[in-house]
Amino acid sequence: MSQTDLVTEITKQSEDFSRWYLDVVRRAELADYSPVKGCMVIRPYGYAIWELIQRELDDRFKATGHVNAYFPLFIPESLLMREAEHVEGFAPQVAWVTKGGDEVLEEKLIVRPTSEVIIGTMYAKWIKSWRDLPVLINQWANVVRWEKVTRPFLRTTEFLWQEGHTAHETEAEAHEETLRILALYKEFCETVLAMPVVDGQKSESEKFAGASRTYSIEALMGDGRALQAGTSHDLGQNFAKAFEIQFQGRDKSLQHAWTTSWGVSTRLIGGVIMTHGDDSGLILPPRVAPYQVVVVPISRGNWRETVLPRAQEIRGELQRAGVRVMLDDRDSQTPGWKFAEWEMRGVPLRLEIGPKDIEKSQVVLARRDTREKAFVPMEALVGAVTMRLDEIQAALLARARAFREEHTSATNDYEEFKRMMEGRPGFIIAPWCGSHECEAAIKAETQATIRNIPFDSPAPTAPCLKCGQPADVSAWFAKAY
RNA sequence: CGGGGCGUGGCUCAGCCUGGUAGAGCACUCGGUUCGGGACCGAGGGGUCGGAGGUUCAAAUCCUCUCGCCCCGACCA
C-alpha cells in the first residue's frame, strides 16, 4: 500500500477537489454539520485553529492602537434602513426576529449581518469633538447572513469573525487606516497562515454595500480558484452622514467623521485547508497548528515502563520550550495507525520514539509537508524541533507562492483568456477599461470575476480585454469561491 | 432560487426495479496475541431504513408531500 492510499476515507484532490475538502473537514474533525440548515459546529480541533488565528490577529490589532468592545446581536429594522446602498446590499441576506416570547415585536429586529449600523449609531453618541477621534474599535463576534448555498468555513449562515470599525477626523487618515489594516491582514496571512495573498482594490460592483472603496486580499486555492480572504473598507462619510456621526473640528465647524470597517472570518480556516492540504489530508502551518508536534511512542513489549516515560519527558521538554505537543499514548492503536491519523489531521511534525531510539539516545522526526524523516540526537531535540517548525512554516509559504505563480498568467486577448479560464484555472491578469458592462459580460461568459486591482500592478499597455477601448488598469481575474 | 443527484447502525455502502418484517466492511465493547507506516484471532453491542401521510393482509421497497445534504448555475466573508 502506498503512503497516499493509507487514508481511504478521503477523496483524492485530483478526483474531486470539492469532495476532498468536505472529507478533510469532517475526517480531521474540524467541523460537523448541525441540525440547523447551513450552520456548522466548529469542533474543538477546528476551534483551536480559530483561537490561534484570533490571538495572532488580536495582538496585531492591539499593537496598532485598537481596542475590543462588544455590540448587540440584534439591530432594529429602522437602523438598517438608514444607509440606502447598505440596505439594498444586505436585505436579501438578513434574518429577522419578529416575536419575543409570544409577543409580536412593535419594531422587527434583524440579526446582524455586519455591525456598521449599530456601531455607527453608538459612535454618533460618543463622538462630539475632534479630540474624541480617532475611535479604533474591534469586535469579535458572530454574524448571520441567509445564504442559499453553504459550505463549511467558506460560507455558512452563521459565522465567526472580527470586525473593526474606526472613525477619523480626516479623509486621509481614514484612508490610511483602511490600507494599514489591509497590509496587516496580508502580513498575517503570509507569516502566520503561510498563505500568499494579492492585495488590491475591488471593482465598483464588488464593493461593500455602502463603502466608498473596498480593498481585499485574495488567495489562490489548490484547485485554482480564488478566495477572498479579507476586506477593508473606506466608508468615506457615507455612514457618518446616515448616522449623524458629527464632531466639531479644530476650526470650530461641525463635520462628519470619516469611517472605515474591516474584517476576516472563519473562512480563513477554509483557506488554510485548501492552500496547503494534500491527498493525505490537512497540512497545518506550525503557527496555527493546535499540535505542532505529535509524539508517537513505539508501543512494543513493556513500552509503558521503558518508552513512555521518555516520551513524557520529551513532551515536557518541548512544552517548556513553548512547543504545542500532543503525546499519543493510546494503547488501542498501533503506531502506524497513529502516523496516518495525525498526518491526516495536519500535524506539522511527528516525533517517533522506540526502544531502538532509546538505546541510541535519539528520536525520529518526520515532517508532514515533505515526509522527510531524520534521526536526531536526544540532546539536540528542542533545537531540531523548533528549527524544523520554522522551516516548515517557511516551506509552506514558498510552496504556496510557487503554486500561485505557476497559476498566474497574463493576456491581452479575450479568446485566449477564455481558453485559459477553461483549461488551467488560476489568476489571469488582463487590461480592463473600468466599465461595469465589460466586467459583467466577462463574468457571464467565463464565470471569472475581477478579484481586485493590485496596488503594484503596472499600467496596462493594451486596450480593454473585452471592449477594446483604452484600458484603465490591469485587473486580476479568477473564478472565485 | 432553477437543474441534477443522494438520504438504510458512528462511517462507506448493498438490499428497492420484481413489497414478505434489515445485511456487509470499517468503527465500537470485552478477552488474548501484537505494535518502527492504518495488526490478528475469538466473543459481543448497536439501525425499523431522513420525516409525515397514503396504497396494501404486509412497505426500506410503491405513491404524495416535506426536510436535509452534495454537485452545477444566478447572489455573497
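A, B, ... follow the sequence lines: proteins, then strands. Residue 1 opens every chain.
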Novice: Please work out if A/Leu154 contacts a base, only the sugar-phosphate, or nothing of the nucleic acid, heavy-atom cut-off 4.0 Å.
Specialist: base
Novice: Distance check, P atoms only: B/G68 and B/G51, in whole angstrom units.
Specialist: 15 Å
Novice: What is the nucleic acid contact for A/Lys338, judged by heavy atoms within less than 4.0 Å: base, sugar-phosphate only, or nothing?
Specialist: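 Nothing, no heavy atom under 4.0 Å.
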Novice: What's the OH-P distance between A/Tyr481 and B/C75, to the nearest Å?
Specialist: 18 Å
Novice: Which distance, rounded to the nearest 0.5 Å, do you find between the CG of A/Asp357 and the CZ of A/Arg310?
Specialist: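 One gets 10.5 Å once the value is rounded to the nearest 0.5 Å.
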Novice: Mind checking if A/Gly270 touches a base, just sugar-phosphate, or nothing, with heavy atoms under 4.0 Å?
Specialist: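 Nothing, no heavy atom under 4.0 Å.
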Novice: Could you work out which one of B/A77, B/G37, B/U12 sits closest to the side chain of A/Phe339?
Specialist: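 For the A/Phe339 side chain, the nearest candidate turns out to be B/G37.
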Novice: Going by modelled atom types, is there a donor-acceptor pair between the base of B/G73 and the side chain of A/Gln447 at under 3.5 Å?
Specialist: no
Novice: Counting any heavy atom closer than 4.0 Å, what does A/Lys148 reach on the DNA or RNA strands: base, sugar-phosphate only, or nothing?
Specialist: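 Contact class for A/Lys148: base.
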Novice: Hey, are A/Thr114 and A/Arg112 close enough side-chain-wise for a donor-acceptor pair under 3.5 Å?
Specialist: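 There is no such pair (donor and acceptor under 3.5 Å, judged by atom type) between the side chains of A/Arg112 and A/Thr114.
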Novice: In whole angstrom, give me the gap between the P atoms of B/C75 and B/A60.
Specialist: 44 Å
Novice: Before accepting this row, confirm whether a basic side-chain N of the pair A/Lys202/A/Glu218 lies closer than 4.0 Å to the acidic partner's carboxylate O.
Specialist: yes
Novice: Whom does B/A22 pair with, Watson-Crick or G-U wobble, provided both distances fall under 3.5 Å?
Specialist: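 Pair assignment: B/A22 / none.
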Novice: Determine the Euclidean distance between corresponding C1' atoms of B/U12 and B/G19; express it in Å to zero decimal places.
Specialist: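 B/G19 and B/U12 have their C1' atoms separated by 27 Å.
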Novice: Output the distance between atom CD (A/Gln292) and atom CZ (A/Arg388), rounded to the nearest 0.5 Å.
Specialist: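 Answer rounded to 0.5 Å: 15.0 Å.
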Novice: For the pair made of CZ in A/Arg151 and C1' in B/C69, what is the distance, rounded to whole Å?
Specialist: 13 Å
Novice: Taking CD from A/Glu15 and P from B/C71, how many angstroms apart are they, rounded to a whole number?
Specialist: 14 Å
Novice: Partner lookup for B/U48, please. Criteria are Watson-Crick or G-U wobble with both distances under 3.5 angstrom; report none if nothing qualifies.
Specialist: none
Novice: When all nucleic acid strands are considered with a 4.0 Å heavy-atom cut-off, which category describes A/Thr214: base, sugar-phosphate, or nothing?
Specialist: nothing
Novice: Heavy atoms only, 4.0 Å cut-off, all strands: where does A/Val264 land among base, sugar-phosphate and nothing?
Specialist: nothing
Novice: So A/Val149, base contact, sugar-phosphate only, or nothing? Heavy-atom distance under 4.0 Å.
Specialist: base
Novice: Just call it for A/Asp16: base, sugar-phosphate, or nothing, with non-hydrogen atoms closer than 4.0 Å on any strand.
Specialist: nothing
Novice: Report the base-pairing partner of B/C69 (Watson-Crick or G-U wobble, both distances below 3.5 angstrom), or none.
Specialist: B/G5
Novice: With C1' as the reference atom in both, quote the distance from B/G44 to B/G9 in angstrom, rounded to an integer.
Specialist: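 Going atom to atom, C1' in each nucleotide, I get 15 Å.
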Novice: With a 4.0 Å cut-off on heavy atoms, is A/Lys373 in touch with a base, just the backbone sugar-phosphate, or nothing at all?
Specialist: base
Novice: Roughly, in whole Å, what's the span from CD in A/Glu29 to P in B/G10?
Specialist: 16 Å
Novice: Within the side chain of A/His407, is there an N or O that forms a donor-acceptor pair under 3.5 Å with the backbone of A/Gly426?
Specialist: no
Novice: Suppose we call a contact any N or O donor and acceptor under 3.5 Å apart; does that hold for the side chain of A/Arg350 and the base of B/G37?
Specialist: yes
Novice: Rounded to whole angstrom, note down the C1' distance from B/G15 over to B/G47.
Specialist: 14 Å
Novice: Which base, if any, makes a Watson-Crick or G-U wobble pair with B/C35, both distances under 3.5 Å?
Specialist: none
Novice: With sugar-phosphate meaning primed atoms plus P, OP1 and OP2, does A/Pro35 contact a base, only sugar-phosphate, or nothing at under 4.0 Å between heavy atoms?
Specialist: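 Here A/Pro35 touches no strand at all.
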Novice: Could you state the NZ-P distance from A/Lys37 to B/G51, rounded to the nearest angstrom?
Specialist: 19 Å
Novice: Would A/Arg145 pass as a cation-pi partner of A/Trp161, given that its NZ or CZ must be under 6.0 Å from the six-membered ring centre and within 45 degrees of the axis?
Specialist: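 Satisfied, under 6.0 Å and within 45°.
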Novice: Mind checking the OG-CD spacing from A/Ser115 to A/Glu163? Nearest 0.5 Å is all I need.
Specialist: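 The OG atom of A/Ser115 sits 3.5 Å away from the CD atom of A/Glu163.
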Novice: Near RNA chain B, under 4.0 Å by heavy atom, which residues of residues 291-312 of chain A?
Specialist: A/Ile298, A/Ser299, A/Arg300
Novice: Report the C-alpha distance between A/Thr64 and A/Arg60 in whole Å, list the side-chain angles of each, state the deciding distance to 0.1 Å, and finish with yes or no for side-chain contact (heavy atoms from CB on, under 4.5 Å).
Specialist: CA-CA 6 Å; A/Thr64 46; A/Arg60 285 167 172 76; 5.8 Å; no
Novice: Within the 4.0 Å heavy-atom criterion, would you say A/Gly354 contacts the bases, only the backbone, or no part of the nucleic acid?
Specialist: base
Novice: Kindly give the heavy-atom pair with the smallest separation between A/Phe239 and A/Gly210, and that separation in Å.
Specialist: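 So the minimum-distance heavy-atom pair works out to CE1-O, 3.5 Å.
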Novice: Please measure how far the C1' atom in B/G23 lies from the corresponding atom in B/U48, and state the result in whole Å.
Specialist: 14 Å
Novice: If we call it a pair only when both distances are under 3.5 Å in a Watson-Crick or G-U wobble match, what pairs with B/C30?
Specialist: B/G42
Novice: Decide if atom CZ of A/Arg213 counts as having more than 12 heavy atoms of other residues, nucleotides or ligands within a radius under 6.0 Å.
Specialist: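 Correct, the count exceeds 12.
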Novice: What integer number of Å spans the P atoms of B/G3 and B/C65?
Specialist: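 So the two P atoms sit 14 Å from each other.
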Novice: Distance check needed: B/C35 C1' versus A/Lys356 NZ, whole Å only.
Specialist: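 So the two atoms are 12 Å apart, to the nearest Å.
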Novice: Please measure how far the C1' atom in B/G50 lies from the corresponding atom in B/U61, and state the result in whole Å.
Specialist: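 Nearest-Å result for B/G50 against B/U61 at atom C1': 16 Å.
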Novice: What protein N or O atoms touch nucleotides 24-32 of chain B N or O atoms at under 3.5 angstrom, if any, and at what distances?
Specialist:
none

Novice: Is B/C75 paired to anything, Watson-Crick or G-U wobble with both distances less than 3.5 Å, and if yes, which nucleotide?
Specialist: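 Here B/C75 is not engaged in any pair, so there is no nucleotide opposite it.
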Novice: Could you check whether any side-chain N or O of A/Thr156 sits under 3.5 Å from a backbone N or O of A/Pro152, counting only pairs where one atom can act as donor and the other as acceptor?
Specialist: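 No: the side chain of A/Thr156 does not pair with the backbone of A/Pro152.
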Novice: Considering Watson-Crick and G-U wobble pairs with both distances under 3.5 Å, what does B/U61 pair with?
Specialist: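 Because no pair has both required distances under 3.5 Å, B/U61 counts as unpaired.
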Novice: Expressed as a whole number of angstroms, how long is the span from A/Gln228:CD to B/C75:P?
Specialist: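 Spelled out: CD on A/Gln228 to P on B/C75 is 15 Å.
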Novice: Is it possible for you to check whether A/Arg350 lies under 6.0 Å from the centre of the six-membered ring of A/Phe339, through NZ or CZ, and within 45° of that ring's axis?
Specialist: yes
Novice: As a test of understanding, state which of A/Phe417, A/Tyr414, A/Phe427, A/Trp432 forms a ring pair (Phe, Tyr, Trp, His ring centres under 6.0 Å) with A/Phe477.
Specialist: A/Phe417
Novice: Please state whether the phosphate of B/C75, meaning OP1 or OP2, lies under 4.0 angstrom from any side-chain nitrogen or oxygen of A/Lys443.
Specialist: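 Checking B/C75 against A/Lys443, a side-chain N or O does come within under 4.0 Å of OP1 or OP2.
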Novice: Indicate, with a heavy-atom threshold strictly under 4.0 Å, whether A/Phe153 touches base, sugar-phosphate, or nothing.
Specialist: base
Novice: What is the distance, rounded to the nearest whole Å, between atom NZ of A/Lys479 and atom P of B/A74?
Specialist: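 Computing the A/Lys479:NZ to B/A74:P distance gives 11 Å.
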Novice: For a quick check of understanding: with a heavy-atom distance under 4.0 Å over all strands, which category does A/Glu352 fall into, base, sugar-phosphate or nothing?
Specialist: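 Base contact.
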